[in-house]
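Accompanying notes for the structure given below.
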2 protein chains.
Amino acid sequence: MNSAPKHDVFQAIADPTRRKLLRLLADQEMPVTAISSHFPMSRTAVSKHLRVLAEAGLVKDKKIGRETRYHLQPEPLRELKDWLAYYERFWDNKLNLLKLLVEADDLDNIKPTGPKSL
Amino acid sequence: MNSAPKHDVFQAIADPTRRKLLRLLADQEMPVTAISSHFPMSRTAVSKHLRVLAEAGLVKDKKIGRETRYHLQPEPLRELKDWLAYYERFWDNKLNLLKLLVEADDLDNIKPTGPKSL
DNA sequence: ATAATATGAAACCATATGGTTTCAAGTTTG
DNA sequence: CAAACTTGAAACCATATGGTTTCATATTAT
């Protein structure tokens, strides 16, 4: 029941190895040994990275016989996207404005406070 | 001329204090002492965080008399945005498809490889 | 049953990180 | 000029992080 995540998404993606792991697991579901063959470090090191990703909710494991298969779980990336959204007004342009319009659930949510407000 | 950044964007935003700094400096340009008054740590600690942000290109400083004013420099966040873009196909939906259409420089760049390809 | 495979846990290590306090140096201000 | 202010650099410290090797356990294959 304690869903307090020890590692958050920001921390999880800070490491380049973990970003590569996410890419690798995006399309395929893979067991640890197969995964670790793509990295220049020990299997246990990869395993620890996988745990960090799992703690951040970015990856889920499924036990199949003696192997543990990992796969991407993209939902937590939404937090990143939301965080980024705040700053998108700073590289404001027409496409961006259109996106804001498209994405806004509520038209009142659109803040035309950018540098070149129209 | 050596523009090899010691800290990258992913690392820079991994720390919550630094994320708060970016928010603070998004709208205002502020000198170090004023900035540090918003944080429960020493001025020097804040100063070091500012340096990490500066090394990642997320913040720029400007010397005005005896004080150094910092302000946001959002461009490097684009790298984050681009990184995230890869994963957006995973929470594919109609709005997302529209965004892909809007954003694509080249129509051939649209990969309808999502779960529910239309 | 025994051997081989797949994995995680543990102990350990070097370096990075986030914080502190102290100090030196460049601006104002009186 | 002297005092006060603003800042960064340096030395230091505790803990986190990313890696290693070794060991125990569960599953599959012979």
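Every chain is numbered from 1, with letters handed out A, B, ... down the list of sequences.
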For atom CE of A:M41 and atom P of D:dT21, their distance in whole Å: 13 Å
Interatomic spacing from CZ in B:F10 to CD in B:E79 - rounded to 0.5 Å: 5.0 Å
Within one Ile-Leu-Val-Met-Phe-Trp-Tyr cluster: B:V52 and B:I13, side-chain cutoff 4.5 Å: no
Side chain B:R43, main chain B:S36, donor-acceptor under 3.5 Å: no
Separation of B:L77 CG from A:Y86 OH (nearest 0.5 Å): 12.0 Å
Test side chain to side chain contact (heavy atoms under 4.5 Å, CB included) applied to A:M41 and A:T17, step by step: CA-CA 10 Å; A:M41 66 188 69; A:T17 298; 3.6 Å; yes
Nearest-angstrom distance from the residue atom CG of A:L53 to C1' of D:dT17: 14 Å
B:S47 side-chain N/O to D:dG8 phosphate OP1/OP2 under 4.0 Å: yes
Length of the line joining B:R43:CZ and C:dG18:P, which is rounded to integer Å: 19 Å
Side-chain donor/acceptor contact of A:K48 with base of C:dG8 under 3.5 Å: no
Of B:P40 and A:V32, the one whose closest DNA chain C nucleotide lies more 5': A:V32
Whole-Å gap separating C1' (D:dA16) and CZ (A:R51): 14 Å
Nearest-angstrom distance from the residue atom CG of B:L50 to P of C:dT17: 17 Å
Distance, rounded to the nearest Å, where A:H7 contributes NE2 and D:dT15 contributes C1': 13 Å
Any donor-acceptor N/O pair, A:Y87 side chain to B:R23 backbone, under 3.5 Å: yes
Identified side chain to side chain contact (heavy atoms under 4.5 Å, CB included) partner of A:L21 from the options A:V46, A:L72, A:V59: A:V46
Sub-4.0 Å heavy-atom contacts from residues 15-25 of chain A onto DNA chain C, ordered by number: none
Nearest-0.5 Å distance, CG of residue A:D15 to CD of residue B:Q11: 8.5 Å
Touch class at under 4.0 angstrom, heavy-atom based, for A:S42 against every strand present: base
Distance-only donor-acceptor test (3.5 Å): side chain B:T44, base D:dT7: no
Those residues of residues 60-71 of chain B lying under 4.0 Å from DNA chain C by at least one heavy atom: B:G65, B:R66
Spacing of A:E55 atom CD relative to D:dA16 atom C1', expressed in whole Å: 13 Å
Nearest-nucleotide pick for A:Q11, side chain only, options being C:dT20, D:dT17, C:dT17: D:dT17
Closest listed nucleotide, where the reference is the side chain of B:H49 and the choices are D:dG19, C:dT7, C:dG18: C:dG18
N/O donor-acceptor pair under 3.5 Å between A:R18 side chain and A:L50 backbone: no
